[in-house]
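Encoded as structure tokens, the structure appears first; notes follow it.
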Amino acid sequence: MNVTFVESFQSKILEFYQQNRRSFPWRMTTDRYAIMVSEVMLQQTQADRVARRFPLWLERFPDVQTLASASLREVLDAWSGLGYNSRGQRLHRAAAMVVEQFDGCVPSDPARLIELPGIGAYTSRSIPVFADNLDLAAVDTNIRRVLIHELNLPESITPKALLAVAEEVLPKGRSRDWHNALMDYGAMELTGRKTGIAPLTRQSTFKGSRRWYRSALLRELLKSGELSREAVEERYADCPYGIGTIVDMLVEEAMIEEYGEQRMLRIAGESGGGGGK
DNA sequence: TTCCCGCTGA
DNA sequence: TCAGCTGGAA
């Protein structure tokens, strides 16, 4: 790739970052455990929502040992509201593995990290990038969108090829700032809605899915005068979960009635995620 | 309806 | 390679 072009692209992104950088709690630390927690929380979850939960989590589980020795119940309780709560369970297991295998020290080697549950291709790279400023490229949907749009790449580019491009345009020694800059640029200037560039994965909304039931029942609840959303909220006022989860619970009941418990468990998954359990 | 700093088992 | 998973805001 043209050197001048790469340099002007780097300047553009980094200058934008200098002027418009967002402030997040996980950008105030380089503690690898804290970064790991934030990166797992941020998987498919909006940064603003994570920003509210992240400090509370660290207060309750300040280090790997504390998290590893906590009960699953405690962990999932602290996770509630973040969604995809199988992530919470995996983070819990990952903490236990770090204590056992790495003496409580979260590794910085992507090859080690990717062995941990809940840590995949992206997160295994993003942790050392943000915690250690390692000269590695980590590409999520956000960064993918920025690269495709700014470098005029085909939307059909494979993840492997895109990763190679990302490595090429990475300004050495500024990995952490660079990735934060790409994130902010993508979130503030180049949203998916604005560019029309499709994300890697789409929501599953097939008839009978958990999500489908959720929206269908929500519609009915809103239409039915007998069971308004307000009524549900009032009825479950002291429920520790959010209204979305409450609706989900009702959805599960509906699914049990229609499909039977076995199928419901298969669809929803006891702990969710990962194509069921 | 779509998208958000993806991962997992099949 | 792909369906499926959470919750909420736009």
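What's counted below: heavy atoms across the whole structure, side chains too, no hydrogens, waters or symmetry copies. Letters A, B, ... are given to chains in the order of the sequence lines, protein chains preceding strands, and every chain is numbered from 1.
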Side chain of [X], heavy atoms from C-beta onward: which of [options] has the nearest atom to it?
X	options	value
A:Ala121	B:dG6, B:dC7, B:dC5	B:dC7
A:Asp140	B:dC4, B:dC5, C:dT6	B:dC5
A:Arg90	C:dT6, B:dC5, B:dT8	B:dT8
A:Asn85	C:dA9, B:dC7, C:dT6	C:dT6
A:Arg22	B:dC4, B:dC5, B:dT8	B:dC5
A:Gln43	C:dC5, B:dC5, B:dC7	B:dC7

5′-ward residue of the pair A:Pro117/A:Ser126 relative to DNA chain B: A:Ser126
Nearest-Å distance, [atom1] ([X]) to [atom2] ([N])?
X	N	atom1	atom2	value
A:Ile127	B:dG6	CD1	P	13 Å
A:Arg125	B:dC7	CZ	P	11 Å
A:Trp178	B:dC5	CH2	P	17 Å
A:Gln89	C:dT6	CD	C1'	15 Å
A:Leu82	B:dC7	CG	P	16 Å
A:Glu39	B:dG6	CD	C1'	11 Å
A:Gln44	C:dC5	CD	C1'	10 Å
A:Tyr84	B:dT8	OH	P	14 Å

Can you tell me if A:Arg145 touches the phosphate of B:dC4, counting only side-chain N or O atoms and a distance under 4.0 Å to OP1 or OP2? yes
Below 4.0 Å: OP1/OP2 of C:dT6 and any side-chain N or O of A:Ser86: no
Looking at A:Asn2, I want to see if its CG is surrounded by more than 12 non-hydrogen atoms of other residues, nucleotides or ligands under 6.0 Å. yes
Verify the neighbour count for atom CZ of A:Arg174: are there more than 12 heavy atoms of other residues, nucleotides or ligands below 6.0 Å? no
Does [X] reach a base, just sugar-phosphate, or nothing at all? Heavy atoms under 4.0 Å.
X	answer
A:Thr141	sugar-phosphate
A:Gly83	base
A:Thr123	sugar-phosphate
A:Arg27	base
A:Ile119	sugar-phosphate
A:Leu116	sugar-phosphate
A:Trp26	base

Check for me whether the distance between the ring centres of A:Trp26 and A:Tyr33 falls short of 6.0 Å. no
I'd like the C1' distance from B:dT2 over to C:dT6, given in whole Å. 15 Å
Span that lies between the P atom of C:dG4 and that of B:dC5, in whole angstrom: 24 Å
Taking N and O atoms by type only, does the side chain of A:Tyr122 place a donor or acceptor under 3.5 Å from a partner on the base of B:dC7? no
Might you point out which heavy atoms bring A:Val99 and A:Gln65 nearest each other, and give the distance in Å? CG2-CA, 4.2 Å
Are A:Arg27 and A:Asp177 within salt-bridge range, i.e. N to O under 4.0 Å? no
Please tell me if the side chains of A:Val98 and A:Cys105 come closer than 4.5 Å, counting only heavy atoms from C-beta onward. no
Polar side chain donor-acceptor pair, A:Arg87 to A:Thr45, under 3.5 angstrom: yes
